[in-house]
Amino acid sequence: MSLYSSSRERVLALAAIGKGALSRFAAVKEVATLLGELIIATFALFRGRARFDRADTWAVVQASGASALGVVALVNLLVGSILAFVGAIQLQKFGAEMFVADLVSIATVREMAAVITAVVLSGRTGAAFAARIATMQGNEEVDALKTMGVSPVEYLVLPRVLALTLMTPLLYVFACGVGLLGGWVVAVGTLDLSNALYWDRTAEALAGRHFVLGALKSLCFGALVAFAGCFYGLRAGRNAAAVGEATTSAVVSGIVGVIIVDAVFALCAFALDV
Amino acid sequence: MNDIKTGSETKETAVEIKDLRMSYGKKLIQENINFQVAKGSIFIIMGGSGCGKSTLLKHMIGLLPPAAGQVLYGETDYWAAEVEKQDEIRRHFGVLFQGSALFSTLTLTENVTMPMKLNGDAKKSDAERRDRAHELLDMVSLSHAKDLLPNEISGGMKKRAALARALALDPEFLFLDEPSAGLDPISSRKLDDLILELRDRTRATVLVVTHELPSLFAIGDDGIFLDAQSKQPIARGAPKALLETCEHPFVQAFLNREVPDGDESNE
């Protein structure tokens, strides 16, 4: 009896693994399909054939850009300050406090401004995209678009992905400025560094390649966060829990995706000695 | 495509369903669905809850491909046609969804204007489109609510607004999914009258999914009855005629609002 039950458990475990693998494969297929449709829609946009609401697109641009300035500023200011605090404690041990500016500037411009901004956008804008599209899915608005002969990818996904992809690098530049400012407040306030020394060290430490790397990352992060939001929104079911599930999945996938892409960038930058 | 004989007159077929099989994955919903809908008629898709009425409608309006079979508009099988042809066929559709499906961020006027804006009415100016939208909203007695958002109006008004939007492109085919669901008897009756009036005015072919008895008797010229148990159609004809002539016990129980013999389910 016990032999039978243990072999049965093994079969069930294998079946669960198989089912899991199949559902992952189906999800990958869905991602590839949406990506393909998005590329086609982008070409249609360049040929002037994409059908979407310009007013809605402008509202999305505002919501993903200007409206996010406050939260992006607050978070990046604090992250810049934290970097300065952490760096100061360690560098003081070696009498190298003046290099706090190097640490804050390089860490902010290469990594933190892009990653932290993307994480904030994932929780804010990516979640909003998922919730809005999932609600439309539940209300049959997406079906209504289809019966009007309009592709939901053109009408809903394309404007959102484009808006966030274009806005994220701008927010990144803003986040860099605010992050450096946060570091400056701590460095000047607690380490008795002069203003001139802090900004001189910052200018010396930073190079154009750091900004290019950070901006490139933020471009990819913006696209990724918007894509995750739209993907889970379109994939949502039609029950009451669907909007919440879509939003949670979009945020989690967005953040995990951002970290993975950041790791790939770090590997590439290391290999290319950037 | 064959013409349909109804009584003494012969009518042209507007849409034909051939050997349709509906399933969700491996779960069979319905099979052996065959019917023709006469041009200008009101055709009712009837049946109990969960028998696949709305799914059949989705196959017909191009939202969901069937497991097998054909949906013929003229000589063209919708699901075997090229995407461009499908788009062309779909331009002749007007659809009223069960939950109205009005765009929640747009006013009623903008909702009705939207299909015109998105579907080749580029020659019309914004003012012309707006005028047409107001005309349609007036037709469904909503001229007083034209600048309101969907969440500012009642369920019955939403249905009428969605009907106005469905008529925006002067459709040849009007698909109505549970038009009177959730409406009080008076609003439901008014909507039925409106559907009859619109059919007479526009000469559109109307396909209605409903299990509301007063509605299906009031407006149905013809229909099909889907059965969830046998997973196939069990009756075909006008609802009133089915009530008088159909001998199938479930159809009789359904149309007479009775519990069929041997049914112990709580549904």
Side-chain angles (χ1 to χ4, degrees), chain A residues 19 22-23 25-26 29-30 33 36-37 40-41 43-45 48-60 62-63 128-129 131-156 158-160 233-234 236-240 242-243, chain B residues 25 54-55 57-65 78 83-107 110-122 126 150-151 158 161-163 165-166 168-169 171 173-178 181:
Chain A
K19 270 184 189 170
L22 280 176
S23 82
F25 179 70
K29 213 170 132 188
E30 281 177 53
T33 305
E37 286 179 27
I40 292 169
F43 280 119
L45 176 75
R49 287 186 186 169
R51 284 182 292 179
F52 60 92
D53 190 342
R54 279 172 180 73
D56 183 47
T57 306
W58 183 238
V60 173
Q62 278 187 312
F129 288 174
R132 172 78 197 278
I133 297 175
T135 306
M136 290 182 76
Q137 186 76 271
N139 291 343
E140 297 175 304
E141 291 173 45
V142 175
D143 284 347
L145 275 177
K146 287 181 193 165
T147 55
M148 285 176 201
V150 177
S151 153
V153 176
E154 267 179 32
Y155 196 83
L156 297 172
L158 182 65
R160 280 166 176 77
L234 280 179
R238 297 180 184 221
N239 51 45
V243 177
Chain B
S54 293
T55 307
L57 197 77
K58 282 183 182 171
H59 293 321
M60 295 180 77
I61 60 179
L63 283 180
L64 193 67
Y78 181 90
V83 176
E84 291 78 17
K85 185 69 184 167
Q86 288 185 339
D87 284 345
E88 192 193 315
I89 294 171
R90 225 166 23 206
R91 258 175 228 128
H92 301 289
F93 292 174
V95 184
L96 166 62
F97 288 90
Q98 197 172 348
S100 301
L102 292 170
F103 297 101
S104 54
T105 54
L106 304 180
T107 65
E110 288 166 339
N111 260 290
V112 180
T113 315
M114 200 170 169
M116 299 184 231
K117 238 169 144 180
L118 295 172
N119 270 295
D121 260 6
D126 281 350
N151 64 3
K158 277 183 196 167
L163 193 54
R165 184 178 69 182
L169 296 175
F173 301 95
L174 200 51
F175 297 92
L176 314 177
D177 190 3
E178 307 270 13

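What you are looking at is a predicted structure, and each value in this text was computed from that prediction instead of being measured. Just so we're on the same page: letters track the sequence lines, and every chain starts at 1.
In this structure, chain A has heavy atoms under 4.5 Å from both the backbone and the side chain of B/Gln98. When heavy atoms are compared at a cutoff of 4.5 Å, B/Ile61 approaches chain A by way of both its backbone and its side chain. Residue A/Asp143 touches chain B through both its backbone and its side chain, counting heavy-atom pairs closer than 4.5 Å. For B/Ser104, the parts lying near chain A are the backbone and the side chain together; criterion is any non-hydrogen pair under 4.5 Å.
The OG1 atom of B/Thr113 lies 9.0 Å from the CG atom of B/Leu106; values are rounded to the nearest 0.5 Å. With values rounded to the nearest 0.5 angstrom, A/Leu234 atom CG is found 10.0 Å from A/Glu30 atom CD.
Side-chain contact between B/Phe175 and A/Thr147: absent, with no pair of heavy atoms (C-beta onward) separated by less than 4.5 Å.
Geometric assessment of B/Arg91 against the ring of B/Phe93 yields a negative cation-pi assignment under the 6.0 Å and 45° thresholds.
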